[in-house]
A.B. asks: 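First the structure, which I've put down as structure tokens, then a few questions once you've had a look.
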Amino acid sequence: MTSESPLLSARLSVDYRNKPGVLKNLCLEIQRGEIVGLVGESGSGKSTLALALLQLLQLKGAKVQGEVVFQGENLLQKKERQLSDIRGRQMSVVLQSPLTSLNPALRIGTQLKEAWRAHANGTGDQCHAAVSAALRSVSLPDSEEFLKRRPSQLSVGQGQRVIIAMAILHRPALLIADEPTSALDTITQSEILSLFARLNRELDMAILYISHDLLSVAALCHRVAILRDGEIVECDAPDAIFDSPRHPYTQRLIAALPSRRSQRTVHESSERFMEELSTLNE
């Protein structure tokens, strides 16, 4: 990317009381405006890393060591009040299930307005303008009828777009997307991936995209990090990961792809996926 200081530079070790070594001196950098994919099997530490970057692991009784330097400041040295100003405003997260992320009792408009007011003290008109802009950014209507809906009245795809709208209300520098398409059908997955690509392009928003789907990660991301047993064993451009993986674990991941006949077949599949995303963006 560039020679500037990275937006985020993390070096982390995480231990739980009954499970030491969940993350083992893991090192990760994300540049401004970069999409980094994080791939790993269940239990490898992907969600632990997401929570560690957001400084939320203390709620689970974890011991976190190292540093998370975000926009030049070490978040591990921040107090909770300072962290609350960063979360949701400068660094946001999108989780995999809108059904568990949205309050079923509150209307969509109410939830969006509360998310905005959590980090801003502006007028009602400013709040309405921010909510409308966020909804339009994720291709959702900003009509009164839509804002009065409850989560149960949305499709799963619409619900996920609402969650993304909440996450980008304040135009954060970094968006953490933790398995955001795992509960979606194939067409909706492609639409959400296209949305992430557009948000990155239009808002210059860096994204940490966490997924187990190598093909979608390769199509969307500028770099791909492979996580195994709490350590990043390989991190490179998608072409390098697919065409000449260096680590034996990465080689096994590539070999395990169902549609793989050769390294070239995998590479072409990724290119076709990218072409589909481009079509959806038009």
Side-chain angles (χ1 to χ4, degrees), residues 1-13 22-50 52-53 66-70 173-181 193-194 196-197 199-201 204-278:
M1 302 294 289
T2 70
S3 59
E4 298 178 1
S5 298
L7 173 68
L8 179 137
S9 178
R11 179 180 54 80
L12 286 167
S13 294
V22 178
L23 297 182
K24 306 167 187 174
N25 198 33
L26 179 149
C27 295
L28 177 68
E29 287 191 353
I30 301 175
Q31 303 292 336
R32 296 180 185 275
E34 182 183 31
I35 307 179
V36 175
L38 184 69
V39 176
E41 60 192 1
S42 297
S44 61
K46 301 191 300 297
S47 293
T48 292
L49 174 59
L53 295 179
E67 62 180 14
V68 177
V69 179
F70 177 65
L174 175 62
L175 181 68
I176 300 172
D178 188 3
E179 298 278 6
T181 63
L193 287 171
S194 176
F196 282 133
L199 291 173
N200 168 255
R201 183 176 63 250
D204 196 32
M205 184 181 296
I207 300 174
L208 177 61
Y209 181 75
I210 301 172
S211 178
H212 61 275
D213 184 350
L214 265 174
L215 286 178
S216 64
V217 166
L220 177 67
C221 301
H222 303 124
R223 286 190 299 130
V224 180
I226 306 297
L227 183 65
R228 187 193 185 198
D229 295 335
E231 298 177 282
I232 291 180
V233 298
E234 189 164 355
C235 185
D236 214 328
D239 284 352
I241 293 290
F242 275 76
D243 293 340
S244 54
R246 299 186 304 273
H247 194 275
Y249 177 69
T250 310
Q251 293 168 3
R252 291 200 298 273
L253 281 180
I254 300 298
L257 287 169
S259 62
R260 179 185 182 273
R261 289 190 179 92
S262 65
Q263 296 295 342
R264 183 176 179 180
T265 301
V266 172
H267 182 68
E268 290 174 349
S269 296
S270 176
E271 287 185 332
R272 286 196 300 272
F273 195 92
M274 179 58 82
E275 289 174 359
E276 292 173 5
L277 289 186
S278 298

A.B. asks: List the residues meeting side chain to side chain donor-acceptor pair (under 3.5 Å) with Arg11, not counting sequence neighbours, and say none if there are none.
C.D. replies: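 Listed in chain order: nothing, the list is empty.
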A.B. asks: To the nearest 0.5 angstrom, please state how far the CG atom of Leu199 sits from the CG atom of Asp204.
C.D. replies: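 If we round to the nearest 0.5 Å, Leu199:CG and Asp204:CG are 12.0 Å apart.
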A.B. asks: Assess whether side chain to side chain contact (heavy atoms under 4.5 Å, CB included) is satisfied between Leu28 and Leu12, documenting all intermediate values.
C.D. replies: CA-CA 9 Å; Leu28 177 68; Leu12 286 167; over 6 Å; no
A.B. asks: Ignoring hydrogens and angles, tell me if any N or O in the side chain of Lys46 forms a donor-acceptor pair with the backbone of Val39 under 3.5 Å.
C.D. replies: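 Between the backbone of Val39 and the side chain of Lys46 there is no qualifying donor-acceptor contact (under 3.5 Å).
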A.B. asks: Does the side chain of Ile30 reach to within under 4.5 Å of the side chain of Phe70, using non-hydrogen atoms?
C.D. replies: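 Not touching, per the 4.5 Å side-chain cut-off.
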A.B. asks: How far apart are the C-alpha atoms of Leu26 and Leu227, what are their side-chain angles, what is the distance that settles it, and do they pass the side chain to side chain contact (heavy atoms under 4.5 Å, CB included) test?
C.D. replies: CA-CA 9 Å; Leu26 179 149; Leu227 183 65; 3.4 Å; yes
A.B. asks: If the condition is side chain to side chain contact (heavy atoms under 4.5 Å, CB included), which residues does Ser211 pass it with, not counting sequence neighbours?
C.D. replies: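 By the side chain to side chain contact (heavy atoms under 4.5 Å, CB included) rule, Ser211 matches Glu179, Tyr209, Asp213, Ser216, Val217.
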A.B. asks: Does any non-hydrogen side-chain atom of Leu8 lie less than 4.5 Å from one of Leu208?
C.D. replies: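 No, too far: nothing below the 4.5 Å cut-off.
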A.B. asks: I need the full list of side-chain hydrogen bond (donor to acceptor under 3.5 Å, both in side chains) pairs touching residues 225-234, with sequence neighbours left out, sorted by first then second residue.
C.D. replies: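 As it turns out, the side-chain hydrogen bond (donor to acceptor under 3.5 Å, both in side chains) pairs with a partner in residues 225-234, which skip direct neighbours, are Glu234-Thr250.
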A.B. asks: Could you tell me whether the side chain of Phe242 reaches within less than 4.5 Å of the side chain of Leu214, counting heavy atoms only?
C.D. replies: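 The answer is yes, as the side chains (C-beta and beyond) meet within the 4.5 Å cut-off.
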A.B. asks: Go through the structure and list residues passing side chain to side chain donor-acceptor pair (under 3.5 Å) with Asn200, not counting sequence neighbours.
C.D. replies: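 Asn200 satisfies side chain to side chain donor-acceptor pair (under 3.5 Å) with no other residue.
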A.B. asks: So Val224 and Ile226, do their side chains get closer than 4.5 Å, heavy atoms only?
C.D. replies: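 In short, these two side chains touch, coming nearer than 4.5 Å.
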A.B. asks: So, His222 side chain and Ile35 main chain: donor-acceptor pair closer than 3.5 Å or not?
C.D. replies: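 Such a contact is found between His222 side chain and Ile35 backbone.
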A.B. asks: Restricting to salt bridge (Lys or Arg N to Asp or Glu O under 4.0 Å), what partner residues turn up for Asp178, sequence neighbours left out?
C.D. replies: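 Partners of Asp178 by the salt bridge (Lys or Arg N to Asp or Glu O under 4.0 Å) criterion come out as none, since no residue qualifies.
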